[in-house]
Amino acid sequence: MPAYLLRRIAMTIPTLLLVSIAVFTLMRLIPGDPVLLMLGEGADPAQLALMRHQMGLDQPLPVQYLVWLRHALAGDLGVSTTNGLPVLPLIWERFHVSAVIVLVAVALASLIAVPAGLVAAWRKDKPTDLAIIGAATLMLSVPSFWLGLLLLMFFGQYLGWLPVVGYVPMSENFSQGVLYVILPIATLLLVETGVLTRMSRASTIEILRLEYVTHARAKGVPESQVLRRHVLPNAFNPTLTMIGLILGHLLSGIAVLETVFTLPGLGRLMIDSIFARDYPVLQGCLLFTACIYVVINLIVDMCYPLFDPRVTVQ
């Protein structure tokens, strides 16, 4: 197991390095001069040259990248040109909002979808299977922003049970803060339950066709034990992969839902930085989200041996 973990971690390092190069290059390809944007069109050429020198923009691109990478490794992603705040604490504050919604929604979706997919596969082509897969397909087909608007209108405007707009941090008022995240969590829960249910069903059907399942049934092992001990652990890995991909994608920023529910999350920060042309914040958001995606997939890779003994750990 230690050797397996070390190999996976070692493979992550060059991936993160390539990600940093891609983010740096992408930001340099954006049209426009950030110094001119900061100082304005009527700025003195001497002031522009001085600011470029202070920001290191007069250096060759490889030198700029190495300087930026050194600061990034030290946790310094620069300062926002919009409000003058350090970028990393700003990103972390917004990420906390997105993380709470995403982690709770995906955890609940997994608890619902994995058993539902297992039952649907076990009752394949029966009314139970058709009902589960039909509901999953319906949830998967509905756009998240439209579903969010429907929930807002019904539970917020029509019934008046939940707030429609705004956000209260749970650190300030926990009970009030929970009310503001119920609808975003419910929206993600419904959509991702459909995705994970279909994946769980498909992988379980493949496992049910294998010989060792037939052999266990022939030995008289109760069906509940066959499903729990032989089918579920081996069928869970593809679903685990999908959970990792969903987590990485959603933690990178649920910009549409954050806009619908007016939440100050990471996706909303990225959109605001694009409109404000706040290049340090945008560059920091891109690097942060890419690292989150890579780290989530690393964690998923390290979890494989826990669920499937066929995965080598030598």
With a 4.5 Å limit on heavy-atom distance, are the side chains of [X] and [Y] in contact?
X: L179; Y: P163; answer: yes
X: F261; Y: I101; answer: no
X: T289; Y: Y293; answer: no
X: I243; Y: T239; answer: yes
X: L208; Y: L227; answer: yes
X: Q283; Y: V23; answer: yes
X: F155; Y: I182; answer: no
X: W122; Y: T204; answer: no

Is it true that [X] and [Y] fall in one hydrophobic cluster, defined by side-chain heavy atoms closer than 4.5 Å?
X: V191; Y: L150; result: yes
X: V97; Y: V164; result: yes
X: M153; Y: V256; result: no
X: I21; Y: L282; result: yes
X: L159; Y: L190; result: yes

Practice item. For R94, check salt bridge (Lys or Arg N to Asp or Glu O under 4.0 Å) against everything at least two apart and list the hits. Key: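 Residues passing salt bridge (Lys or Arg N to Asp or Glu O under 4.0 Å) with R94: none at all.
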
Taking all atoms of both residues into account, what is the closest heavy-atom pair of [X] and [Y], and its distance?
X: L189; Y: A109; answer: CD1-N, 3.3 Å
X: R123; Y: D129; answer: O-CB, 3.0 Å
X: V87; Y: S80; answer: CG2-N, 3.9 Å
X: L118; Y: S200; answer: N-OG, 3.8 Å
X: A120; Y: I132; answer: CB-CG2, 3.9 Å
X: R268; Y: T262; answer: NH1-CA, 3.6 Å

Point to revise | Full working for side-chain contact (heavy atoms from CB on, under 4.5 Å) between L257 and L263 | key: CA-CA 8 Å; L257 280 185; L263 297 173; over 6 Å; no

Review point. Counting distance only, does the side-chain N/O of S273 pair as donor-acceptor with the main-chain N or O of M270 below 3.5 Å?
Key: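 Yes: the side chain of S273 pairs with the backbone of M270.
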
Point to revise | Residue pair T187, F145: steps toward the side-chain contact (heavy atoms from CB on, under 4.5 Å) verdict | key: CA-CA 8 Å; T187 303; F145 69 90; over 6 Å; no

Nearest-0.5 Å distance that lies between atom [atom1] in [X] and atom [atom2] in [Y]:
X: S98; Y: L269; atom1: OG; atom2: CG; answer: 9.0 Å
X: F24; Y: L66; atom1: CZ; atom2: CG; answer: 8.5 Å
X: T193; Y: I112; atom1: OG1; atom2: CD1; answer: 5.0 Å

Practice item. Decide side-chain contact (heavy atoms from CB on, under 4.5 Å) for Q157 and L152; before the verdict, give the C-alpha distance in whole Å, the side-chain angles of both, and the deciding distance to 0.1 Å. Key: CA-CA 7 Å; Q157 186 174 1; L152 272 177; over 6 Å; no

Review point. S20 and Y65: side-chain donor and acceptor closer than 3.5 Å?
Key: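 The criterion, which ignores hydrogens and geometry beyond distance, is satisfied for Y65 and S20.
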
Review point. Passes side-chain contact (heavy atoms from CB on, under 4.5 Å), L188 versus S144? Steps please.
Key: CA-CA 7 Å; L188 281 183; S144 59; 5.6 Å; no

